[in-house]
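Reading through the structure tokens given below for one structure.
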Amino acid sequence: MADEAVSLIHHVELNIFKQFAAITHKHHIHYIALGGTMLGAVRHQGFIPWDDDMDVGMLRADYEQFLKVASDDLKDTHYFLQTPWTDENYALSYSKLLDRNTFIEEKNNVNNARKGVFLDIFPLDKIPDSPARQRRQILDMRRLDSRIYLKLRYNVIDNPIRKFQNPLSEEQVETADDFKEQREAVMTMYNDKPALTNVKNLASQYAYDKEILSLDELNDIVNLPFEDTEIRVPADYDAILTRIYGDYMELPPENARTEKHIVRLITDNQEFEL
């Protein structure tokens, strides 16, 4: 059952990605595959067989342009662009493109934000050269993350009382929005510094140094096969993947080949447990 569910998730995610890629192509917006999606393109020419999400990244200017134009292009589709501003219950610092014909439950992530099979879209922001300033930026961001998660009732496990809670008050939404604006200011505080040449996905799951990218790496891009389409990756993907994973062509042990996010999927009136 789990294999069938992962296969269905891959099918839906690939269609989401194709919709995303069509918008970026139409508007000349640049993106790259990140993390496990880049690894999948290189090692598997598609999805890592047991992975259950896709990750892409964009320089902040491209990210903002995508958010600006995508809403019109997604009209009359079954896709929803979930951002900190389009879903008041959504606490994360990046965006997701959701398939509204699906519903999911995620591992260790209980909240009232909209749910569906998704593509993660991360902004890439400039970071300072000073390790002390790097620490200050990421700590400030994480402090605001925590405040937003608390305000928007994000939990690791479900609580039966949750279904009886009142919706967020206008004051609670405004407070969360203020924290979101503060967080974005922290994330973008170095983007106007021409001398800085490194960017980072500040919401990365990896250790800080592993997913730092140079502007040169982002300016030299190749297309690699990904399932029945293509995806953009930095030409120097070998160095980037080695930084993140070490010997990335070696498969992990079998007991580590598990889905990371989704524990339940509903699609086409069918329910799957992963």
Side-chain angles (χ1 to χ4, degrees), residues 1-23 33-37 40 44 46-56 67 70-71 73-122 148-149 152-168 203 205 226-229 231 255-274:
M1 183 71 78
D3 288 345
E4 182 182 358
V6 172
S7 178
L8 282 169
I9 290 167
H10 287 173
H11 175 75
V12 175
E13 285 178 346
L14 191 62
N15 285 333
I16 299 172
F17 168 72
K18 289 176 180 178
Q19 179 73 59
F20 164 83
I23 295 172
L34 291 179
T37 302
H44 302 276
F47 291 101
I48 296 173
W50 53 90
D51 203 1
D52 61 0
D53 76 338
M54 287 188 74
D55 299 327
V56 296
L67 298 190
S71 57
D73 288 341
L74 293 171
K75 281 180 181 175
D76 303 319
T77 74
H78 58 277
Y79 298 108
F80 172 63
L81 182 60
Q82 186 177 44
T83 78
W85 316 111
T86 62
D87 183 345
E88 65 183 23
N89 291 296
Y90 180 68
L92 304 182
S93 61
Y94 50 94
S95 299
K96 294 177 180 282
L97 190 55
L98 301 183
D99 185 316
R100 293 186 295 183
N101 291 341
T102 64
F103 175 81
I104 62 169
E105 290 181 2
E106 295 181 90
K107 189 181 301 181
N108 302 328
N109 187 17
V110 179
N111 56 74
N112 294 320
R114 294 183 69 164
K115 297 288 191 296
V117 177
F118 58 87
L119 167 74
D120 281 332
I121 307 170
F122 294 96
I148 297 165
Y149 297 155
L152 298 183
R153 305 169 179 168
Y154 273 53
N155 291 290
V156 174
I157 59 173
D158 204 356
N159 184 333
I161 299 173
R162 187 172 70 95
K163 66 180 68 174
F164 301 110
Q165 289 178 323
N166 292 326
L168 295 173
Q205 64 177 316
F226 194 93
E227 303 299 336
D228 63 355
T229 185
I231 199 165
N255 61 5
R257 301 176 195 177
T258 58
E259 303 78 23
K260 296 183 299 182
H261 301 97
I262 300 173
V263 295
R264 180 169 167 252
L265 166 70
I266 298 176
T267 182
D268 292 332
N269 296 316
Q270 298 181 81
E271 181 174 337
F272 301 89
E273 301 284 343
L274 280 78

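Residues take their numbers from the sequence shown, with the count starting at 1.
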Go through Glu13 and Val117 one step at a time and tell me if the side-chain contact (heavy atoms from CB on, under 4.5 Å) criterion holds.
-> CA-CA 7 Å; Glu13 285 178 346; Val117 177; 3.4 Å; yes
Tell me, with the steps shown, if Val6 and Trp50 meet side-chain contact (heavy atoms from CB on, under 4.5 Å).
-> CA-CA 7 Å; Val6 172; Trp50 53 90; 5.9 Å; no
Yes or no on salt bridge (charged side-chain N to carboxylate O under 4.0 Å, His left out) for Lys115 and Asp99, after CA distance, side-chain angles and deciding distance?
-> CA-CA 9 Å; Lys115 297 288 191 296; Asp99 185 316; over 6 Å; no
Trace of the side-chain contact (heavy atoms from CB on, under 4.5 Å) decision for Asn111 with Asn89 | CA-CA 8 Å; Asn111 56 74; Asn89 291 296; over 6 Å; no
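Each of Phe80, Phe20, Tyr79 was evaluated against Leu74; a single residue qualifies, Tyr79, per the side-chain contact (heavy atoms from CB on, under 4.5 Å) test.
Applying the side chain to side chain contact (heavy atoms under 4.5 Å, CB included) rule to Ile266 yields the partners Phe103, Arg264, Glu271; only residues at least two apart in sequence or on another chain are considered.
Residues Gln82 and Ala113 share a closest heavy-atom pair of NE2-CB, 3.7 Å. Minimum interatomic distance between Glu227 and Leu14 (heavy atoms only, all atoms of both residues): CB-CD2, 3.8 Å. In plain terms, the two heavy atoms of His10 and Asp51 that are nearest each other are NE2-O, 2.6 Å. The nearest pair of heavy atoms linking Gly116 to Leu98 is O-CD2, 3.6 Å. What you find for Leu265 and Ala5 is that their closest heavy atoms are CD2-O, 4.0 Å. The minimum heavy-atom distance between Ile48 and Gly36, with the atom names listed, is CD1-O, 3.4 Å.
In this structure, the side chain of Tyr149 does not engage the main chain of Asn155 through any donor-acceptor pair within 3.5 Å. Within the 3.5 Å criterion, the main-chain N or O of Val110 finds no donor-acceptor partner in the side chain of Arg153.
Residue His11 qualifies as open at atom NE2: its count of foreign heavy atoms under 6.0 Å is 12 or below.
The closest side-chain heavy-atom distance from Asn15 to Phe17 is not below 4.5 Å. Between Phe122 and Val56 the shortest side-chain heavy-atom distance does not fall below 4.5 Å.
Atom OG of Ser71 and atom CD1 of Ile23 lie 9.0 Å apart (nearest 0.5 Å). Note that CG of Leu168 is 6.0 Å distant from CG of Leu152, once rounded to the nearest 0.5 Å. Distance CD1/Ile121 to CG/Leu97: 5.5 Å, rounded to 0.5 Å. The CZ atom of Arg114 sits 8.0 Å away from atom OG1 of Thr86, with the distance rounded to the nearest 0.5 Å. The CZ atom of Phe226 sits 5.5 Å away from the OG1 atom of Thr37 when rounded to the nearest 0.5 Å. Taking CD1 of Ile9 as the start and OG1 of Thr267 as the end, the distance is 9.5 Å to the nearest 0.5 Å.
The residues Asp120 and Lys96 are annotated as salt-bridged, a charged nitrogen and a carboxylate oxygen being separated by less than 4.0 angstrom.
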